[in-house]
Amino acid sequence: SQDSSIIGGCVNEIYNSCSSTVIGGNENCIEYFSCGSSILGGYSNRICYDSCSSAIVGGYDNSVEDSSCFSAVIAGCENCISCCSTRSVIIGGDENEICGQFIFCYTGAPYFGYNSCQTRVCNSVIIGGNDHDILNEAHDSAIIAGDNNCIKGCVDLGNYVPGIGWQGQYYRDTRRSAIIGGRDNVIDQSYDSVIMSSCAYYYYNTVKKSRGSSIISHYAYIGAQIYNSDNSVIVGGSSFYGFIRDSEDSAIIAGLDNCMCCSYQSTIVGGRNNLIYEGIKNAIVGGANNCIRLYSDYASIIGGIGNRICNYSDCSTIIGGDYNEISYSSDGSSIIGGNSNEISCSSFYSSIIGGESHVISYSSRCAGIFGGRNVTISDSPGSSTFGSLNSCIIGSTQSIIIGGDDLKIINTDNIVLIPALTTATFSSSATFNKWRLGTTKATVGATLKTTQYVEVQINGSIVKLAVIN
């Protein structure tokens, strides 16, 4: 231990480590080729096994070991930097660790071979907190405060190829990531990612294989997860088990138990138990148990309960209501309010506004149902109903039902069905002068009121249906 010094303290030791220094403290040691290292005070601290130019300042039972050069532990208890973790620092806290790992893999009969590698950690920091880990190829990363948080990478040792050896070894590292506060959080194989002020009760909040992704201020019972989803974020809210999987550039903001899978550039804001699955640029805002799934792109659900857009229904919208559905290639369609309404089967650009138990289906493009209950429009492009009950339009293009109950237009194009029509004008006294089509009256001595009439064409002749006095 040439050019080394021990100044003060009790039972301190320097062994086989040149140009090293121990100042004060008790039972501290520098040993086994850890040249140029220092321990200042504290109790039972150690620098050992080729950990050159490293330092420990104060604290209890801290260590820098196993080729962890240019590293430091400052204060705290039972903190450790080991296994080729160079240029790393732990400040305060207890039972924190920055550590690489020796990995061994064995193949059995008939080849009986093995493969191994040494992972490392560089330029990483832990400040305060308890039981944190930065492990295995996690570089340039930091954990600040909190409890039981972890940043890590891994190594895939590949496969054994007879006659060639081990092939396909691949380092899956984590770089420039951080966990700030919170409990039971993990960043795994993810660049430029952040978990902040989040807690998991039973398992872990996890960002895995996701570049530039974040979980911020989220509480989870089982654990929230961002997996294989670059530039995605979970902000606020809570979950039993919420997640973003295989969904780049996506976000879940607030709410409870919302989930997203295979949906690029999509968003869920608030609400509960909402799901976006297999789509692009979709959005759910509020509500509960709403779902956009199965390749319905550019779709949105705003509020309501149990609403669904699915099966290739692009650019469609549901606003409010409950248990409404747009499905099966009904692009550009919308449902506003109401209960148990459905647009399906290539009914493009169709709408249902209000009402209950309505159906637009079978290529009824540009169709509409407005109010009423239990109305069906099937195979009838451009057809509509207004305020009707238990009625249907089937196989009829550009036909209309206004009002009424149990009315039917079947295989008849361009027709308007009105069970009873009352029109009115305002008199000078602001009362209604009403008249009704179809009401008979003797014409002898009657006066024709030419300002109120309906003009119709019958067999090529113009007929005026007029009010008489």
Side-chain angles (χ1 to χ4, degrees), residues 247 250 258-388 391-394 397-398 401:
S247 301
S250 295
N258 296 314
C259 299
M260 189 181 304
C261 184
C262 304
S263 301
Y264 299 105
Q265 299 175 1
S266 295
T267 304
I268 298 175
V269 181
R272 178 173 183 171
N273 292 327
N274 296 312
L275 170 67
I276 299 177
Y277 176 63
E278 291 187 329
I280 298 173
K281 297 183 178 180
N282 294 312
I284 296 176
V285 180
N289 302 315
N290 296 314
C291 175
I292 300 174
R293 63 187 181 92
L294 297 177
Y295 311 108
S296 295
D297 302 334
Y298 309 99
S300 59
I301 297 175
I302 301 174
I305 299 173
N307 297 312
R308 299 198 304 167
I309 298 175
C310 56
N311 300 100
Y312 301 94
S313 296
D314 297 344
C315 305
S316 294
T317 302
I318 297 175
I319 300 176
D322 53 11
Y323 305 105
N324 299 307
E325 180 174 321
I326 300 174
S327 63
Y328 297 105
S329 302
S330 297
D331 296 351
S333 294
S334 60
I335 297 176
I336 301 176
N339 169 258
S340 301
N341 298 311
E342 179 183 347
I343 300 174
S344 65
C345 301
S346 301
S347 298
F348 300 155
Y349 313 117
S350 295
S351 298
I352 297 175
I353 299 178
E356 178 182 10
S357 302
H358 297 316
V359 177
I360 298 176
S361 65
Y362 295 106
S363 301
S364 297
R365 301 184 182 189
C366 304
I369 299 175
F370 304 92
R373 177 171 55 82
N374 194 31
V375 173
T376 298
I377 297 178
S378 178
D379 192 24
S380 299
S383 295
S384 300
T385 70
F386 297 84
S388 188
S391 299
C392 67
I393 301 176
I394 300 174
T397 301
Q398 294 181 322
I401 296 175

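This chain uses plain numbering: 1 for the first residue, then up along the sequence.
Although no hydrogens or angles enter the test, the distance criterion places a donor-acceptor pair under 3.5 Å between the side chain of Asn307 and the main chain of Asn324. With hydrogens and angles disregarded, a donor-acceptor distance shorter than 3.5 Å links the side chain of Asn258 to the backbone of Asn274. Asp322 contributes no side-chain N or O that, together with a main-chain N or O of Gly306, makes up a donor-acceptor pair within less than 3.5 Å. A side-chain donor-acceptor contact under 3.5 Å links Asp314 to the backbone of Asp297.
Residues passing the salt bridge (Lys or Arg N to Asp or Glu O under 4.0 Å) test with Arg365: none are found, sequence neighbours excluded.
Judged purely by distance below 3.5 Å, without hydrogens or angles, the side chains of Ser247 and Ser263 never pair a donor atom with an acceptor atom. For the residue pair Ser388 and Ser391, a side-chain donor N or O sits within less than 3.5 Å of a side-chain acceptor on the partner.
Screening Ser330, Ser361, Ser313, Ser363 for a side-chain contact (heavy atoms from CB on, under 4.5 Å) with Ser346, the sole residue that qualifies is Ser363.
Residue Leu275 comes nearest to Met260 through the heavy atom pair CD1-N, 4.5 Å, listed as atom of the first residue, atom of the second, then distance. Taking all atoms of both residues into account, the shortest heavy-atom contact from Ser333 to Ile343 is OG-CG2, 3.9 Å.
Counting only residues at least two apart or in different chains, ring-ring contact (aromatic ring centres under 6.0 Å, His included) contacts with residues 286-311 comprise Tyr295-Tyr312. Within the structure, every pair that satisfies the ring-ring contact (aromatic ring centres under 6.0 Å, His included) test and touches residues 314-370, not counting sequence neighbours, is listed here: Phe370-Phe386.
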